[in-house]
A.B. asks: 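Got a structure here, written out as structure tokens. Questions coming.
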There are 2 protein chains.
Amino acid sequence: MDHLKLENQVCFPIYTLAKEMVNKYRSLLEDLELTYPQYLVMLVLWEKDEQSVSAIGEKLNLDSGTLTPLLKRLEQKEIVMRKRSQADERMVVISLTAAGHQLKTKAQNVPSAMVDAMSIPVAELKLLKNSIDKILSNL
Amino acid sequence: MDHLKLENQVCFPIYTLAKEMVNKYRSLLEDLELTYPQYLVMLVLWEKDEQSVSAIGEKLNLDSGTLTPLLKRLEQKEIVMRKRSQADERMVVISLTAAGHQLKTKAQNVPSAMVDAMSIPVAELKLLKNSIDKILSNL
DNA sequence: CCATTATGTATTGCGCACAATATAATTTTG
DNA sequence: CAAAATTATATTGTGCGCAATACATAATGG
């Protein structure tokens, strides 16, 4: 078997799936005027308000080069605020505005819409998640 | 269950895995001086030389906005050539240079190195690929 | 055969993603 | 306490990824 054939690649479907997922989210998040990475940041903040850039970055595996401009865009939309911590002025603390909090109610139906779009049995989805987590811990 | 909790997201692990995969490829492809998307284009060309931009794009699900600059970078590395088709001057035909052909031998060990890095049983990998293909056909 | 439509690539603009570096503040050490 | 090391964010540069648009060529239908 030719391991360099596209058809025999394992990673290519994963790479493609991730892109297609983000494309699907593009339409699902249109109303919220959020991109998928922005939506992920909002998930993190909806769970716990007032977090440092690095704390958000650790949870999402994103560095400041990605987060700083992204958070500035969220600030411009006026759904988050950026403020230097009093305690440690190196830290920038991100917090939700009222509009940012409210956006959560508009996002409630997004996860189920996504699972519907994938239309795959929940059991199979759990297996999938398990395999992915296993690979992630190895990489 | 709170469907908006990061922990309960199904897509986030997929998104993370795709990124980690690309990161792993970064080190595996360092010798070849290729990025992962560039490597994918080379896989397509190693299978069949002389293909139009659109043909490559269909196989990889990438549009000209992505491929044109990418292919120009491969041209600068002198591993591919870009030439307008005589038959249809709208088409740009991409072909491998001698160096481009030779690069294939250096790439032979990349797929196995990647599978090794993921360190997951082949059987489970096949299940994973099946699930992903199923979701992709739905999205 | 000419106007219309379709096709193929290129360009532009925006938003990630990450490496490398810079900068400033805090902590640790001698 | 001052110098050195560490920590946290910001900045810069490169490379995707995709939508929207432009533009040229080819095909098609009166």
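Quick note: numbers below take in every heavy atom, side chains included, and nothing from hydrogens, waters or symmetry partners. The chains referred to below are lettered A, B, ... by the order of the sequence lines, with proteins before strands, and numbering in each begins at 1.
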A.B. asks: Hey, which sits more toward the 5' end of DNA chain D by its nearest nucleotide, A/V93 or A/E20?
C.D. replies: A/V93
A.B. asks: Could you state the CD-C1' distance from A/E30 to D/dC18, rounded to the nearest angstrom?
C.D. replies: 14 Å
A.B. asks: Can you see which heavy atom on B/L4 is nearest to which on A/A107, and at what distance?
C.D. replies: CD2-O, 3.7 Å
A.B. asks: Can you measure A/E75 atom CD to D/dA10 atom P for me and round it to whole angstrom units?
C.D. replies: 10 Å
A.B. asks: What's the CE-P distance between B/M42 and D/dC16, to the nearest Å?
C.D. replies: 13 Å
A.B. asks: Figure out the CG/P separation between B/L67 and D/dG15, and round it to whole Å.
C.D. replies: 15 Å
A.B. asks: Just the rounded figure in Å: distance from C1' of D/dC23 to CE of B/M91.
C.D. replies: 17 Å
A.B. asks: Could you tell me whether the side chain of A/S54 has a donor or acceptor atom within less than 3.5 Å of a complementary atom in the base of D/dA8?
C.D. replies: no
A.B. asks: Enumerate all atom pairs, one protein N or O and one N or O from nucleotides 15-17 of chain C, separated by less than 3.5 Å.
C.D. replies:
from	atom 1	to	atom 2	distance (Å)
C/dC16	OP1	A/T35	OG1	2.7
C/dC16	OP2	A/Q38	NE2	2.8
C/dC16	OP2	A/R73	NE	2.9
C/dC16	OP2	A/R73	NH2	3.1
C/dC16	O5'	A/R73	NH2	3.1
C/dA17	OP1	B/Y15	OH	2.8
C/dA17	OP2	B/Y15	OH	2.3

A.B. asks: Using only side-chain N and O atoms of A/K72, determine if any of them is under 4.0 Å from OP1 or OP2 of D/dT11.
C.D. replies: yes
A.B. asks: Does C/dT9 have its OP1 or OP2 closer than 4.0 Å to a side-chain nitrogen or oxygen of B/S64?
C.D. replies: no
A.B. asks: Does the plane of the ring in B/Y15 sit parallel, tilted or perpendicular to the ring in A/Y36? Use 30° and 60° as the thresholds.
C.D. replies: perpendicular
A.B. asks: Using the salt bridge (charged side-chain N to carboxylate O under 4.0 Å, His left out) rule, collect all pairs that involve residues 117-126 of chain B, keeping only residues at least two apart or in two chains.
C.D. replies: A/K134-B/E124
A.B. asks: Apply side chain to side chain contact (heavy atoms under 4.5 Å, CB included) to residues B/S112 and A/H3 and explain how you reach the verdict.
C.D. replies: CA-CA 8 Å; B/S112 60; A/H3 291 291; over 6 Å; no
A.B. asks: In whole Å, what is the span from the CD atom of A/E58 to the C1' atom of D/dA8?
C.D. replies: 11 Å
A.B. asks: Locate the shortest heavy-atom distance separating A/L128 from B/I132; write the atom from each residue and the value.
C.D. replies: CD1-CG1, 4.1 Å
A.B. asks: Find the distance B/I56:CD1 to C/dG8:P and express it as a whole number of Å.
C.D. replies: 14 Å
A.B. asks: Using every non-hydrogen atom in the two residues, find where B/K19 and A/L60 come nearest and quote the distance to one decimal.
C.D. replies: NZ-O, 3.6 Å
A.B. asks: Side chains of A/S119 and B/N138: any donor to acceptor distance under 3.5 Å?
C.D. replies: yes
A.B. asks: A/R82 vs A/E75, test: salt bridge (Lys or Arg N to Asp or Glu O under 4.0 Å). Steps then yes/no.
C.D. replies: CA-CA 7 Å; A/R82 298 166 64 249; A/E75 189 184 29; 3.4 Å; yes
A.B. asks: What heavy-atom pair brings A/L136 and B/P13 nearest, and what distance separates the two atoms?
C.D. replies: CD1-O, 3.9 Å
A.B. asks: I need the CD-C1' distance between A/E33 and C/dC14, as an integer number of Å.
C.D. replies: 15 Å
A.B. asks: Set out, line by line, the N/O atom pairs under 3.5 Å between protein and nucleotides 24-28 of chain C.
C.D. replies:
from	atom 1	to	atom 2	distance (Å)
C/dT26	OP1	A/E89	N	3.3

A.B. asks: Looking at A/R82, does any N or O in its side chain come under 4.0 Å of the phosphate oxygens OP1/OP2 on D/dT9?
C.D. replies: no
